[in-house]
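What you see is a predicted model; the values in this text were computed from it and never measured. Start at 1 and go down the list; that is how both ligands and their atoms are numbered.
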Amino acid sequence: MLSRGWSALAAVLLCLFPAVCAWGITGHQIVATIAQTQLHPAVREQLCHILPNYTRYPSHWPVTHSDEPHTHCHLAVLAGWPDTIRTHYPWSGQLHYVNPIDDHPPHQCLYGETGWSSPDNVLTSLVNYTSRVVTEQGWERDMALRFMVHLFGDAHQPLHLTGRARGGNDVWVRFEGRKARLHSVWDTLLIDKQIRELSNYTTRLPSGRIESALVGKRFDAYIRWILKEGLGQPAMKGEAESAWWKDEAADWPACHRRGSDDDTVSLKEPELDVPEYVGRIERDKVIHKQLAKAGIRLAAVLNTLLLPADAV
Ligand SMILES: *[C@@H]1O[C@H](CO)[C@@H](O)[C@H](O)[C@H]1NC(C)=O
Ligand SMILES: *[C@@H]1O[C@H](CO)[C@@H](O)[C@H](O)[C@H]1NC(C)=O
Ligand SMILES: *[C@@H]1O[C@H](CO)[C@@H](O)[C@H](O)[C@H]1NC(C)=O
């Protein structure tokens, strides 16, 4: 009991430092699950050569002639892992975010070798662990994939890309009637609100690819909503035309910059439940889009890295 009490206390204390409370576990699981829906079936199987057996699950997609299910491994099971080991691996703490120098977005934002305060950060570690998924073996490769899945998420949480006010941890605001740190509004509270308020998309989409990656989590409906209305998946006659990101999603894996990415919301507003802040985030689907982008990009990289040469 005592040691549990202490680790809870340690977790609370750690949350005083920037980015320690990264996208809550839900955000990371959503990104990983969106990626899972986009993986080639052979890549889903490849994951079982890297991740531990408890990430395995039976899947009836793609359809087989026999009743035997395929065995796939799910990226979401360990998506939150790098946050849970931060106390054991103190060196890994700074890999979850980047602090650019002279950082006052949106006016100035310098990255690159002279522009960040530490060369060990979310951008360099993303490259580090992505290449280690190819070069390492055994436990090192497993760990690299866990970090890779996690860091694709963190790199899409806007407050992980600013050191200002310690990534928003020093900014106290009010959200849904409660006092909260701006950082945790973005990490968890906005996502939880959106999941809670969604009442549709409780029924399965006509897509084995998507449904075989949804394994009964409270955010399954939220993911269907994002895929269906945001990306037009699965494609149905005429409907994809009206998807939120129909004109840009194909460019996400290539990291092309779009004008709308530069829209940054003010960090100074104390009451966030107002049309100019939460209203605008929800109207512009800012959170949905960051989660979708992270998942699509993660899947694109894994499909490139891990697709076996003989896959069809
Ligand atoms: C994982 O499952 C596979 C297939 O069922 C089995 O061959 C392997 O021994 C298992 N590995 C461990 C560490 O249990
Ligand atoms: C790269 O990965 C290794 C192995 O986990 C780690 O020791 C090192 O700190 C990482 N560096 C960065 C910048 O991520
Ligand atoms: C599903 O719910 C969301 C959020 O409440 C709403 O914006 C959307 O229009 C709904 N979609 C359908 C097809 O009812």
Side-chain angles (χ1 to χ4, degrees), residues 19 22 44-59 68-74 77-78 81-82 85-86 88-99 111-113 116-152 154-155 160 190-206 219-234 236 238-245 278-279 281-289 291:
R44 285 194 195 176
E45 270 182 53
Q46 284 292 308
L47 297 178
C48 296
H49 296 303
I50 307 176
L51 295 171
N53 272 1
Y54 58 84
T55 65
R56 286 168 179 255
Y57 67 107
S59 169
E68 262 318 276
H70 303 271
T71 298
H72 289 168
C73 282
H74 209 300
V77 178
L78 288 159
W81 180 84
I85 50 84
R86 288 174 80 135
H88 301 290
Y89 296 160
W91 52 268
S92 73
Q94 58 183 338
L95 305 183
H96 296 243
Y97 57 91
V98 58
N99 290 343
Y111 292 105
E113 279 162 34
W116 51 45
S117 54
S118 164
D120 293 338
N121 59 56
V122 68
L123 304 174
T124 53
S125 60
L126 202 49
V127 175
N128 184 25
Y129 287 112
T130 301
S131 66
R132 280 172 191 271
V133 166
V134 180
T135 58
E136 297 287 356
Q137 295 298 322
W139 161 239
E140 296 290 332
R141 193 178 191 209
D142 177 0
M143 184 173 87
L145 182 56
R146 298 177 190 199
F147 268 102
M148 186 185 162
V149 171
H150 188 86
L151 297 172
F152 263 85
D154 279 345
H160 281 239
L190 278 163
I191 297 178
D192 283 344
K193 175 179 193 286
Q194 291 170 0
I195 293 173
R196 225 173 37 235
E197 289 176 354
L198 191 69
S199 58
N200 51 25
Y201 285 101
T202 51
T203 52
R204 296 167 65 85
L205 292 174
F219 51 73
D220 285 359
Y222 187 62
I223 290 180
R224 289 190 191 105
W225 185 35
I226 288 176
L227 292 178
K228 184 72 202 139
E229 298 194 24
L231 294 164
Q233 292 188 15
M236 314 270 258
E239 284 186 12
E241 295 305 304
S242 58
W244 305 328
W245 310 304
V278 170
I281 288 169
E282 301 210 326
R283 205 165 49 245
D284 292 354
K285 305 283 188 298
V286 176
I287 301 277
H288 308 71
K289 185 165 162 180
L291 295 169

Heavy-atom contacts with ligand 3 below 4.0 Å: which residues, ordered by chain and residue number?
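Heavy-atom contacts below 4.0 Å: L198, N200, Y201, W225, E229.
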Notebook entry, point to check: Between H70 and R44, is any side-chain donor less than 3.5 angstrom from a side-chain acceptor?
Noted result: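 No, because no side-chain N or O of H70 sits under 3.5 Å from a partner of the opposite role on R44.
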| said: Is any side-chain heavy atom of Y129 closer than 4.5 Å to one of R146? | reply: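 With C-beta onward as the side chain, the pair stays apart.
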Show the atoms of ligand 2 that are less than 4.0 angstrom away from any heavy atom in [X].
X	answer
D120	13 (C)
T124	13 (C)
N128	1 (C), 2 (O), 3 (C), 8 (C), 10 (C), 11 (N), 12 (C), 14 (O)

Only heavy atoms of N53, strictly under 4.0 Å: list the atoms of ligand 1 that pass.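 Checking each atom against N53, I get 1 (C), 2 (O), 3 (C), 8 (C), 10 (C), 11 (N), 12 (C), 14 (O).
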Drop me the distance from [X]'s [atom1] to [Y]'s [atom2], to the nearest 0.5 angstrom.
X	Y	atom1	atom2	value
H49	Q137	NE2	CD	12.0 Å
I191	H288	CD1	NE2	9.5 Å
L78	H150	CG	NE2	12.0 Å
Y222	Y201	OH	OH	13.5 Å

Problem set entry | Set of residues satisfying side-chain hydrogen bond (donor to acceptor under 3.5 Å, both in side chains) with respect to R132, sequence neighbours excluded |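 By the side-chain hydrogen bond (donor to acceptor under 3.5 Å, both in side chains) rule, R132 matches N128, E136.
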| message | Looking at ligand 2, would F147 count as a contact under a 4.0 Å heavy-atom criterion? | response |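 It does not, in that no heavy atom of F147 comes within the 4.0 Å cut-off of ligand 2.
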Assess M143 for proximity to ligand 2: is some non-hydrogen atom of it under 4.0 Å away?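 Checking ligand 2 against M143, which is what was asked, there is a heavy-atom contact under 4.0 Å.
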Proximity of N121 to ligand 2 by residue part, where a heavy atom lies under 4.0 Å: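 For N121, no heavy atom sits under 4.0 Å from ligand 2.
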Counterpart residues, salt bridge (Lys or Arg N to Asp or Glu O under 4.0 Å), relative to K285 (two or more places apart):
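Partners of K285 by the salt bridge (Lys or Arg N to Asp or Glu O under 4.0 Å) criterion come out as none, since no residue qualifies.
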- [ ] Kindly write out the residues that satisfy salt bridge (Lys or Arg N to Asp or Glu O under 4.0 Å) with D220, not counting sequence neighbours, or none if the list is empty.
- [x]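 Here no residue qualifies.
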